[in-house]
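First comes the structure, then the notes that go with it.
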Number of protein chains: 2
Amino acid sequence: MTNSAKIKVYQEVLDQIRLFIEENQLSEGDRLPSERELSEQLNAGRSSVREALRAIELLGLIETRHGEGTFLKTYRPYHTVELLATFVLRQPTTKEELLDVRQMIEHECVSRVHTTLTKSDIQNLKSQILELEIPYIHTHVFNYLFQHVGNELLTKIWHLINNFSQTTFSSHLNQDFYLEFIEALSEHNIKQASGQIKKIYEKY
Amino acid sequence: MTNSAKIKVYQEVLDQIRLFIEENQLSEGDRLPSERELSEQLNAGRSSVREALRAIELLGLIETRHGEGTFLKTYRPYHTVELLATFVLRQPTTKEELLDVRQMIEHECVSRVHTTLTKSDIQNLKSQILELEIPYIHTHVFNYLFQHVGNELLTKIWHLINNFSQTTFSSHLNQDFYLEFIEALSEHNIKQASGQIKKIYEKY
DNA sequence: TACATAGTAGTGGTCTGACCACTGATTTCA
DNA sequence: TGAAATCAGTGGTCAGACCACTACTATGTA
């Protein structure tokens, strides 16, 4: 009866912290209340507060400085991704979903961006590609393209998903391939560009 | 000098747990040692062990059952994505961007789902629509459709965005409109169905 | 006055021990 | 035989105690 209704304290603390961040419009670099303060304000033990904070920290959302306090951080999935990698690898379904959505978003990106790219953009990107090593090209290219999409939300989602999928999947296609892809874009040849994207994912 | 070399106990515990999982070839459903055992074996306080476990739990990698123990769980990326999203996406996201992405995802949903819907699905949905009040139709319809999409990650993202946008935007279109929309779907008329979606967003 | 130094308050980091609530198995007893 | 009570093990939570570190303040000396 009282079954699933149990919410753990640390979960609640989590929500409260998130709420606090929103209400006070905190952004990166800002300081959170101390553990003891939170503990008192939220009427929870300090250890529970710490459990919540550690969890958020592991996600890479906050940074903790001994003797100073806890600070909001720009999201950078270092440890997270690494940590997840071992687990994710074992589960083909999730990997497929990840790549599926990523492909969809990248496709959308292409169809949105092809009209806004200037000649010099194309030129820039091409020269950058030549200087990159193969595993980094894909992310870089789309990173670049998304800057011209004009929808930050979409961009953020892509970043999120891209970060997650990176460990288990990286494009093996070389510079030439991406140069062709860009070329198709610059000629407003969406069909071909889309086809190229598909190729990227074909073997997976 | 001793600067960045500081590794927190909970981080170490984290690694040890991961190691334990790998060495013992644990897979989903298997049980981890109890908190007290881990505490003793790893020579760490129970609270530190808990910090690690909570963090892993939040990532969605383990499941904890009161009175029973801690168990490995199937990892689902949308857990993490959802969690991160609430932090990452909360920032200045304009209404336009929100709706833009939502429309895109719904469009994708439609083009994926139109082949998998059965006659009885259609019938079900139609009768449900008739019983709903206008503000709830949209969410309900897509909620239903997404159950047939077969990509939980995409579904989760839609849910998230839908929740975010619901406060600022709700479809004013009536039952008839959505019935037509479903009808188009059942006839595999994606063009029309897509057109309908556009209509929903037209005035915004 | 200027500047190094010592002290101090506040913070995160960690551990211990104590309860509670829950689960599953065991024992007890009608 | 079967239901009920008991018990051991587990997670959930808290309070309190130290430690290590940081930033600031007060102190004292040159």
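Everything numeric in this text was worked out from a predicted model, so none of it was measured. Chain naming here is simple, since letters A, B, ... match the order of the sequence lines and numbering starts at 1 in each.
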[X] vs [Y] side-chain heavy atoms within contact, under 4.5 Å:
X      : Y      : value
B:H148 : B:L117 : yes
A:I105 : B:M104 : yes
A:R54  : B:R54  : no
A:E40  : A:R36  : no

Is [X] touching bases, backbone alone, or none of the nucleic acid, heavy atoms closer than 4.0 Å?
X     : result
A:S48 : sugar-phosphate
A:G45 : sugar-phosphate
B:S39 : nothing

Distance in angstrom units between [X] [atom1] and [N] [atom2], rounded:
X     : N      : atom1 : atom2 : value
B:R50 : C:dT16 : CZ    : P     : 16 Å
B:R65 : C:dC22 : CZ    : C1'   : 13 Å
A:E12 : D:dT13 : CD    : P     : 10 Å
A:I56 : C:dG12 : CD1   : C1'   : 15 Å
A:E57 : C:dT14 : CD    : C1'   : 14 Å
B:H66 : C:dG24 : NE2   : C1'   : 13 Å
B:K8  : C:dT14 : NZ    : P     : 7 Å
B:L53 : D:dT13 : CG    : P     : 13 Å

(request) May I ask you to verify whether the side chain of B:R46 and the base of C:dG17 hold a donor-acceptor pair under 3.5 Å? (result) no
(request) Could you tell me whether the side chain of B:R54 has a donor or acceptor atom within less than 3.5 Å of a complementary atom in the base of D:dG12? (result) no
(message) Please confirm whether the shortest side-chain N or O distance from A:T70 to OP1 or OP2 of C:dT11 is below 4.0 Å.
(response) no
(request) May I ask you to evaluate whether A:K6 reaches the phosphate of C:dC22, defined as a side-chain N or O under 4.0 Å from OP1 or OP2? (result) yes
(message) Less than 4.0 angstrom from a charged side-chain N to a carboxylate O is my criterion; do A:E57 and A:K73 meet it?
(response) no
(request) If the plane angle is over 60° it's perpendicular, under 30° parallel, otherwise tilted; pick one for B:Y178 and B:F181. (result) perpendicular
(request) Could you work out which one of C:dG12, C:dT23, D:dT13 sits closest to the side chain of A:E51? (result) D:dT13
(message) Does anything in residues 29-38 of chain B come within less than 4.0 Å of DNA chain D? Heavy atoms only, and list the residues if so.
(response) B:R31, B:S34, B:E35, B:R36, B:E37
(message) Tell me which one of A:E106, A:Q103, A:E96 satisfies side chain to side chain donor-acceptor pair (under 3.5 Å) with A:Y201.
(response) A:E106
